[in-house]
Engineer: 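Provided herewith is a single structure, encoded as structure tokens, for subsequent inquiry.
We use all heavy atoms of the structure for the numbers below, so side chains are in, but hydrogens, waters and symmetry mates are not.
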Amino acid sequence: MVFGSGAIGALALSTVFGTGVAAADDYAGQKYSDASSAASDAGQTVVVAARVGDKVSQDDCLVTRSQSAPFADGSGVPVASTVQFYLNCNGGYATAGTPGPSLGSPEGRAAKAAADEAAAEAESEQEAALAAVSTPNQ
């Protein structure tokens, strides 16, 4: 009876505190084009394991997670130089006609803020170009 309750207690503690160490994902959150370049520079071969959505080009898709390839080559040797990417190609944030992260989420707010900033910068550049062209006698 004492042995059984001790085993149950150890199981409960391992569930609460965990048994493994979480590894950081170096590519999650990056655009596919940037993440695949970084992986290639590190000597890895990139394989798209899964893709959700089709609203943006593959280079602009967001890497939601990555992992080392969980398989072996034909001789049974683990494939160490391949990394799998899981992509979200829906877009940076949800709009009436486009799926994506909600503006209520940190990801959606960050994407919307970046898009607004890029639009404001483009508008400022356009206004400056028009002012330079339409200024008489100069």
Side-chain angles (χ1 to χ4, degrees):
M1 181 77 144
V2 172
F3 176 75
S5 61
I8 291 172
L11 177 62
L13 284 175
S14 70
T15 302
V16 170
F17 294 111
T19 56
V21 176
D25 189 339
D26 294 332
Y27 305 110
Q30 296 182 37
K31 286 179 20 177
Y32 174 77
S33 59
D34 298 335
S36 62
S37 291
S40 294
D41 291 347
Q44 296 180 307
T45 302
V46 175
V47 174
V48 175
R51 177 183 168 139
V52 176
D54 63 354
K55 300 299 181 188
V56 297
S57 70
Q58 182 161 310
D59 282 345
D60 292 329
C61 292
L62 183 68
V63 176
T64 57
R65 73 180 182 98
S66 68
Q67 69 180 23
S68 296
F71 50 83
D73 65 12
S75 63
V77 177
V79 178
S81 63
T82 300
V83 62
Q84 295 179 321
F85 284 174
Y86 295 80
L87 305 178
N88 180 341
C89 302
N90 282 325
Y93 58 93
T95 63
T98 306
S102 165
L103 292 178
S105 71
E107 296 87 2
R109 285 191 299 271
K112 174 72 167 128
D116 289 348
E117 183 178 325
E121 185 176 317
E123 184 178 338
S124 173
E125 289 174 2
Q126 184 179 14
E127 287 176 1
L130 287 173
V133 171
S134 63
T135 305
N137 299 329
Q138 290 190 14

Engineer: What residues join Phe85 in its hydrophobic cluster, counting side-chain heavy atom gaps under 4.5 Å, either direct or through other members?
Structural biologist: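 Cluster partners of Phe85: Tyr27, Tyr32, Val46, Val48, Val63, Val83, Leu87.
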
Engineer: Hey, what do you get for OG (Ser37) to NZ (Lys31), rounding to the nearest 0.5 Å?
Structural biologist: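 Nearest 0.5 Å value for the OG-NZ distance: 10.0 Å.
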
Engineer: Output the distance between atom CG (Asn88) and atom CG (Asp60), rounded to the nearest 0.5 Å.
Structural biologist: 12.0 Å

Engineer: Determine the minimum heavy-atom distance between Pro70 and Gln84, stating which atoms define it.
Structural biologist: CD-OE1, 3.2 Å

Engineer: Hey, does the side chain of Asp25 reach the backbone of Ser66 with a donor-acceptor pair shorter than 3.5 angstrom?
Structural biologist: yes

Engineer: Which pair of heavy atoms, one from Gly108 and one from Tyr93, lies closest together, and at what distance?
Structural biologist: O-CB, 3.7 Å

Engineer: Identify the heavy atoms of Thr64 and Ala28 that sit nearest to each other, and give their distance.
Structural biologist: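 That closest heavy-atom pairing would be O-CB, 3.6 Å.
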
Engineer: When rounded to the nearest 0.5 angstrom, what distance separates NZ in Lys55 from SG in Cys61?
Structural biologist: 12.5 Å

Engineer: Could you give all pairs that pass the salt bridge (charged side-chain N to carboxylate O under 4.0 Å, His left out) test and reach residues 91-118, with sequence neighbours left out?
Structural biologist: Lys112-Asp116

Engineer: Tell me which donor-acceptor pairs under 3.5 Å the side chains of residues 118-125 have, and how far apart each pair is, sequence neighbours excluded?
Structural biologist:
none

Engineer: Cys89 versus Asp54: any side-chain heavy-atom pair under 4.5 Å?
Structural biologist: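 No, side chains not in contact.
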
